[in-house]
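Just so it is clear, the values below take in all heavy atoms, side chains as well, and ignore hydrogens, waters and symmetry mates.
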Amino acid sequence: MKVDGSIDKYKARLVIKGYRQIEGLDYFDTYSPVTRINSIRMVLAIAALRNLEIHQMDVKTVFLNGDLDEEIYMEQPEGFSALGQEKKVCKLVKSLYGLKQAPKQWHEKFDNVMLSHGFKINECDKCVYVKDTEHGYVIVCLYVDDMLIVGSDDKMITSTKNMLNSRFDMKDMGLADVILGIKIKRTSDELILSQSHYVDKILGKFDKDNFGVARTPVDVTLHLSKNKGESVSQVEYSRIIGSLMYLMSCTRPDIAYAVSKLSRYTSNPGAKHWQGIIRVLKYLRFTRDYGLHYTRYLIHAQLVSQLICVQLVLLD
């Protein structure tokens, strides 16, 4: 998918019937961590403050890289059976898409590769890797198959890319432009993260018939309380809250108070709660291009954060 939500290209993959796996027999642990959005923002903030280049790479067919600990067999793919050996099965040597342990095995393999090349795993986020040498440092953030690479100089970034290319089938995407649907824009003095395309998607899906705007996300005259009657479009309300929470957690902390308050009534929303939702959507229409600005000047960044805190206190 492209940043605007359109289809970039189509893919076809062989997917194993993982739903037929039995826990304790052909799989055990399945948990696999991914880097937190907070970690990504922190690394980007460091890059902006120190004027570092941010590069992006993508792992092709990521789950095919994992090594299996269990003995697993699969039927021959339909339409691709070996002639005269149709009753035979395939013994898996590597992981396949669809296996319950595929994400875990991939992360384990990536961990081993990074540790063997001098990287250390961050204690707060197991998907952030740091390598510090006398020649410079490099930071790698991994989110399944997408990764950001930030280094103190081009040599550190290039050597990391060469190492990854030697171990995995990688796609070098150059300077970072979009990560997890977040647009990254670089200027001479700052780095801007925005999701204007995602705002358009929310408005087009949930508020396409309304063209009003609002200058603040909260109507102070609207007092919310528990709905004691029948719920009003509860499923649709939940979907909007989910979309707003993703937007809020990535690039729009200015709607955090409104969304957190409205999310309390997800199980049984009423008419007044819907008024609060519409108010937030109107605000998003008015502030479509808002985002996070990370500047090279620390004092300016501190002043901006203090102003945001003051604004939230006044809203409360």
Side-chain angles (χ1 to χ4, degrees), residues 1-8 33-42 44 127 141 143-146 148 176-185 192-220 222 224-227 230-294 308 311-312 315-316:
M1 299 290 285
K2 295 181 181 179
V3 65
D4 59 1
S6 61
I7 296 174
D8 183 23
V34 293
T35 189
R36 297 193 297 270
I37 190 65
N38 293 343
S39 301
I40 292 176
R41 287 204 307 263
M42 179 63 72
L44 293 176
C127 290
C141 287
Y143 192 97
V144 187
D145 60 345
D146 290 319
L148 290 177
D177 180 51
V178 179
I179 181 72
L180 302 182
I182 302 171
K183 179 73 174 176
I184 303 173
K185 183 180 178 182
I192 304 169
L193 307 182
S194 64
Q195 288 177 289
S196 55
H197 62 284
Y198 190 65
V199 172
D200 291 338
K201 185 178 178 180
I202 292 174
L203 296 175
K205 187 175 182 180
F206 300 115
D207 200 36
K208 57 186 177 183
D209 298 325
N210 194 336
F211 299 97
V213 296
R215 293 180 177 271
T216 58
V218 177
D219 182 357
V220 294
L222 183 65
L224 301 178
S225 59
K226 187 175 180 180
N227 178 31
E230 293 185 5
S231 63
V232 180
S233 304
Q234 188 271 332
V235 174
E236 190 78 354
Y237 189 94
S238 300
R239 289 174 179 168
I240 298 178
I241 289 294
S243 298
L244 293 177
M245 288 184 73
Y246 178 70
L247 179 66
M248 170 198 75
S249 62
C250 290
T251 62
R252 296 297 300 269
D254 53 324
I255 65 171
Y257 174 80
V259 174
S260 64
K261 195 169 185 179
L262 291 167
S263 64
R264 302 174 191 173
Y265 310 100
T266 305
S267 60
N268 188 29
K272 281 194 173 182
H273 306 122
W274 273 102
Q275 291 180 34
I277 288 286
I278 292 172
R279 175 67 176 227
V280 175
L281 296 178
K282 287 182 177 181
Y283 174 72
L284 290 178
R285 182 175 288 108
F286 181 71
T287 60
R288 173 186 177 275
D289 297 319
Y290 278 22
L292 295 177
H293 292 237
Y294 294 109
I308 291 174
Q311 181 185 17
L312 293 176
L315 285 173
D316 198 12

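In this structure, the side-chain hydrogen bond (donor to acceptor under 3.5 Å, both in side chains) partners of Ser238, at least two apart in sequence or on a different chain, are Gln234. Every residue meeting the side-chain hydrogen bond (donor to acceptor under 3.5 Å, both in side chains) condition with Arg41, not counting sequence neighbours, appears here in chain and number order: Asn38. Under the side-chain hydrogen bond (donor to acceptor under 3.5 Å, both in side chains) criterion, Arg239 pairs with no residue at all, not counting sequence neighbours.
No donor-acceptor pair closer than 3.5 Å links the side chain of Asp200 to the backbone N or O of Leu203. The closest donor-acceptor contact from the side chain of His273 to the backbone of Arg264 lies at 3.5 Å or more, if one exists at all. Not one N or O on the side chain of Arg252 forms a donor-acceptor pair closer than 3.5 Å with the backbone of Leu244.
Considering OG of Ser243 and CG of Leu281, their distance stands at 9.5 Å, rounded to 0.5 Å. Rounding to the nearest 0.5 angstrom, the gap separating the OH atom in Tyr294 from the CE atom in Met42 is 8.0 Å. Note that CD1 of Ile192 is 12.5 Å distant from CG of Leu44, once rounded to the nearest 0.5 Å. Taken from NZ in Lys226 to CG in Asn268, the straight-line distance is 8.0 Å, to the nearest 0.5 Å. Put simply, CD1 on Ile277 and CD1 on Ile240 are 5.5 Å apart, with the number rounded to the nearest 0.5 Å. Taking CD1 of Ile179 as the reference point, atom CG of Leu193 lies at 11.0 Å (rounded to 0.5 Å).
Heavy atoms only, all atoms of each residue included: Tyr283 and Thr216 are closest at CD1-C, 3.5 Å. Of all heavy-atom pairs between Gly212 and Lys282, the closest is O-CG, 3.6 Å. Minimum heavy-atom separation, Tyr143 to Thr35: CD1-O, 3.4 Å. Scanning all heavy atoms of the two residues, the minimum distance from Val232 to Ala271 falls at CG2-N, 4.1 Å. Minimum interatomic distance between Gly276 and Leu222 (heavy atoms only, all atoms of both residues): N-CD2, 3.6 Å. Of all non-hydrogen atoms in Ile182 and Cys250, the two that sit nearest each other are CD1-CB, 3.8 Å.
Side-chain contact check for Thr251 versus Tyr198: every heavy-atom pair is 4.5 Å or farther apart. Side-chain atoms of Leu247 and Leu284, non-hydrogen and from C-beta on, do get closer than 4.5 Å to each other. With contacts defined as side-chain heavy-atom distances shorter than 4.5 Å, the pair Asp289/Ser196 qualifies. Proximity of Ile37 to Tyr246: side-chain heavy atoms (C-beta onward) are nowhere separated by under 4.5 Å.
Between Tyr237 and Trp274, the ring-plane angle classifies as perpendicular under the 30° and 60° cut-offs.
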